[in-house]
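One structure below.
Computed from heavy atoms alone, side chains included, the values below leave out hydrogens, waters and symmetry copies. Every chain is numbered from 1, with letters handed out A, B, ... down the list of sequences.
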Protein chains: 2
Amino acid sequence: MFFDDRKKRILSAIVETYIRTGEPVGSKTLSEFPEISVSPATVRNEMAALFEMGLLEQPHTSAGRVPSHLGYRAYIDSLMRVRPLTADEKDGIDALFNIGDPDPDKLLADSAEALAEYTGCATVAMTTTPSYVTVEHIDIVPADATTVVLLVIASNGVVKSKVCRLGFRVNTGIADFFRKFANDRFCGHTLKEITAEFMNSVSIQLGEYSGVFNPLIVGIYELCKEVYDGQYYLGGREKLLTYNEYSDRALEIMKLISKRDEIGPVIGNNPSGVTVFIGKENSLSQLSGSSLLVARFSIGENDCGTIGLIGPVRMDYSRLIPHLEYFAEKLGALLSITYQRKTGDENG
Amino acid sequence: MFFDDRKKRILSAIVETYIRTGEPVGSKTLSEFPEISVSPATVRNEMAALFEMGLLEQPHTSAGRVPSHLGYRAYIDSLMRVRPLTADEKDGIDALFNIGDPDPDKLLADSAEALAEYTGCATVAMTTTPSYVTVEHIDIVPADATTVVLLVIASNGVVKSKVCRLGFRVNTGIADFFRKFANDRFCGHTLKEITAEFMNSVSIQLGEYSGVFNPLIVGIYELCKEVYDGQYYLGGREKLLTYNEYSDRALEIMKLISKRDEIGPVIGNNPSGVTVFIGKENSLSQLSGSSLLVARFSIGENDCGTIGLIGPVRMDYSRLIPHLEYFAEKLGALLSITYQRKTGDENG
DNA sequence: CTTTAGCACTCATATCTTTCGAGTGCCAAC
DNA sequence: GTTGGCACTCGAAAGATATGAGTGCTAAAG
């Protein structure tokens, strides 16, 4: 009982039909496919064999067959024909990036939303900051009498700023003093090192001034943390409601993916390209009814983030996988333009 | 047939019971209420009268009664007993504000989320900027060779910053030139005046340099627009899924409230205090099955924003109205601390 | 040895019927 | 004005029946 060519064609047809219709697929339907064209009885024999091999499941005796997780896996890994994107499709994805603000902070959030709209799945987008990234420069700019703007520039080119309102008047002397102090203490340190304890030790070095400057120290800490933590955005969670697979589980899944702690580790550690987790393959049991497509994107040479799709197991892999791949490439390219100033060789 | 005291007690009991149970309320149930204690037959007579007056509805002949929109309205306007918040409840709300980042930009987003969690409703939070607010100061700070940080400080105390990456090296001379130019052109103008056309005319004044400085001009425009547009955040849209009233309309409502264009005008123009829109009272027909509670909050003396709750018509008004009111007060107070630098008298 | 027609069997779904009971409206009595 | 009594209504739940798509198996045909 080999996994011969006809069995492969039948499995493919079952997966594709089930993805399209959501109904278990029966032998009669399959026998009418031009690439199969044998009698329903023969199809039934083959289906029994595929069932024995663990590639199909049966909701109940008198229903058609449905792909098992292994069936989907076999389909995705070797049977599926990935059609390259047409020029129109590429244009369609390119267009998604034209509406948004080119502000890098917003680009990722907008991308997550646009991808959700485009694919009809819920999306997650996150960036990660390598542990070797350091603080390159800190600046403090008086904005008006008691307000300053704090800037932290990291060695990966990310700049974050924050408005700090102080309880006292800030002249250039004070700003200069604090700027020098902060740069002496923080520059060259990796973001990972900038912990609450580290900040305490720095604060102590300010001696009698530590109280006065505390809002600024806290501000720097928050900015560094913000850069190091990276970004985490969700898009189109409500898309899940359009699938009846989620009729009573939507809330649970929507809550789950809102938790960065839960999802971050799952989608953060994947090789480049598109990785697929089908149903029970997900390490989180709540996702056993969902599939997760994850793609990494990079700025220049530097891997920097992940964008993922969450939808029902019955999702259109052959369309979504290449589209997600192209989307991630495009996103990386766009971010690279924004951050072009920096390349890998300048990093620690 | 007067709207006498007993009728009022019966209506109140119907509203409160229906809110609690979600089931139409029958005469027998009501007759057992201590504040009613007349026979079911008498209650039926009263209910028939209330029905005549348009305060009750009947899902079908053999079911109990349900409040009509007028019934809810009468209840909220004159029958409902608003219990003042206990110290514990106030503490509970106060605690919601302790977790978040005191960054004013994030405070509102976090508030919307916290309020949703606290009330079990979807929330909307937005700020509006009065049309008399002007540009007070613009700054440009070189961050590294080709990167600058733009700052716009508005007369209402709001400061926004943005990182701009330029295609050329920026020295202090260039920065000083542009700073002076920008302040000369923009300071004193209201944010409302800073339109795309206005920016064009400014750009022309830069003559041969207009191309080079264009990213900065665009950056200023975006910052001004960001300040003028104010913020718009949603919280806990998925909470709607917990009410079976929304079993098949949740997606529609979730999409609707995501559109600032649709909801903004509805919630933005209300008097201070809590305003209630019950079901069909909403100007948007899609909200006819929902109620909307809206509260304004202010910074110091200046009215500055709105926070609202969206949930099923059958929501617990007597609890939510005072809680929302206190929440809005507290939010305003917190923002006032952040923006205390400015008070009304300094504004144009 | 593979393929196919035939046939009895299974079982979810849809439809129809029946039953049940909470609740009503109305009337007559208190 | 209030109440008990009673026939009536109608949705929801439970049961009964029918439908039909799909199966597994067997035996004959290729």
Next on the checklist: Going by side-chain hydrogen bond (donor to acceptor under 3.5 Å, both in side chains), name the residues that satisfy it together with A:Ser258, two or more places apart in sequence or in a different chain.
Outcome noted: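 Expected list: A:Arg237.
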
Tell me: [atom1] of [X] to [atom2] of [N], nearest whole Å?
| X | N | atom1 | atom2 | answer |
| --- | --- | --- | --- | --- |
| B:Leu56 | C:dG25 | CG | C1' | 16 Å |
| A:Phe2 | C:dC1 | CZ | P | 14 Å |
| B:Ile10 | C:dG23 | CD1 | C1' | 16 Å |
| A:Asp5 | C:dT2 | CG | P | 16 Å |

Item to check | Where protein sits on nucleotides 12-30 of chain D, one letter per nucleotide: B base, S sugar-phosphate only, - none, heavy atoms under 4.0 Å | outcome: ---------BSBBB-----

Next on the checklist: Tell me whether the count of non-hydrogen atoms from other residues, nucleotides or ligands lying under 6.0 Å of CD in A:Gln286 goes above 12.
Outcome noted: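 Counting other residues, nucleotides and ligands, CD of A:Gln286 exceeds 12 neighbours.
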
Next on the checklist: So for atom CZ, which belongs to B:Arg249, do other residues, nucleotides or ligands contribute more than 12 heavy atoms lying within a distance under 6.0 Å?
Outcome noted: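 At most 12 heavy atoms, drawn from other residues, nucleotides or ligands, come within 6.0 Å of this atom.
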
Residues [X] and [Y]: side-chain donor-acceptor under 3.5 angstrom:
| X | Y | result |
| --- | --- | --- |
| A:Thr42 | A:Ser39 | yes |
| A:Glu16 | A:Tyr75 | yes |
| B:Arg296 | B:Ser272 | no |
| B:Ser291 | B:Tyr317 | yes |
| A:Ser290 | A:Tyr246 | yes |

Checklist entry - For DNA chain C, which residues in residues 11-21 of chain B have a heavy atom at a distance below 4.0 Å? => result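 Within residues 11-21 of chain B, no residue comes under 4.0 Å of DNA chain C.
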
Checklist entry - Within the pair A:Thr42 and C:dT3, is there a side-chain N or O less than 4.0 Å away from OP1 or OP2? => result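 False: A:Thr42 side-chain N/O out of range (4.0 Å or more) of C:dT3 OP1/OP2.
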
